[in-house]
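The structure appears right after this line, and notes come after that.
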Amino acid sequence: MRTRCLLVLIFVIFPLTLFGQAAANLARGFDPEKVYQIGDIDHVNLFNGNLIIDIPIGPTYTVGGNLKYGFHLVYNGNPWDYMAVDPEHVEAMPSRFDNVAVGWRLSLGELT
């Protein structure tokens, strides 16, 4: 009985945890654990080549202390969300977080 439970764990449950993993080369945004080439307004993820451009729009407002905010126009070079329809077909759609154009977002610096 113990051997049967162990086999179920190894061959059924363990592989199911692998389906929850996102592909690292499709990563979007800025992850502080990755290596980047950082410029004035552009950042490049050196693992997958994702380009992020951050353009400040207008002035920066100070709330108090070190807290500041302002509008930023951000471009993400990986603007697609992928959804597996069936095992042989993957559908690509523009990101639902883009509110200006495909790949572009205007925000006050929100985290999603």
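Computation of the quantities below employed the complete heavy-atom set of this structure, encompassing side-chain atoms and omitting hydrogens, waters and symmetry-equivalent molecules. Quantities reported herein were computed from a predicted structural model and do not represent experimental measurements.
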For Met83, the other hydrophobic cluster members (4.5 Å side-chain criterion, sorted by chain and number) are Met93
(request) Report yes if the side chains of Trp80 and Ser95 come closer than 4.5 Å at any heavy-atom pair, otherwise no. (result) no
Rounding to 0.5 Å, atoms CG (Asn78) and CG (Asn48) come to a distance of 7.0 Å
Ignoring hydrogens and geometry, is there a side-chain-to-backbone donor-acceptor pair from Asn50 to Gly77 under 3.5 Å? yes
Indicate every side-chain donor-acceptor pair of residues 85-92 with a distance under 3.5 Å to a residue at least two apart or in another chain.
residue	atom	partner	partner atom	Å
Asp86	OD1	Glu88	N	2.9
Asp86	OD1	His89	N	2.9

Contacts satisfying side chain to side chain donor-acceptor pair (under 3.5 Å) that involve residues 64-73 (not counting sequence neighbours) are Asp54-His72
In terms of heavy-atom contacts, Gly103 and Asp98 come closest through N-OD2, 2.9 Å
By side-chain contact (heavy atoms from CB on, under 4.5 Å), Ile57 pairs with (sequence neighbours left out) Ile55, Phe71, Leu73, Leu106
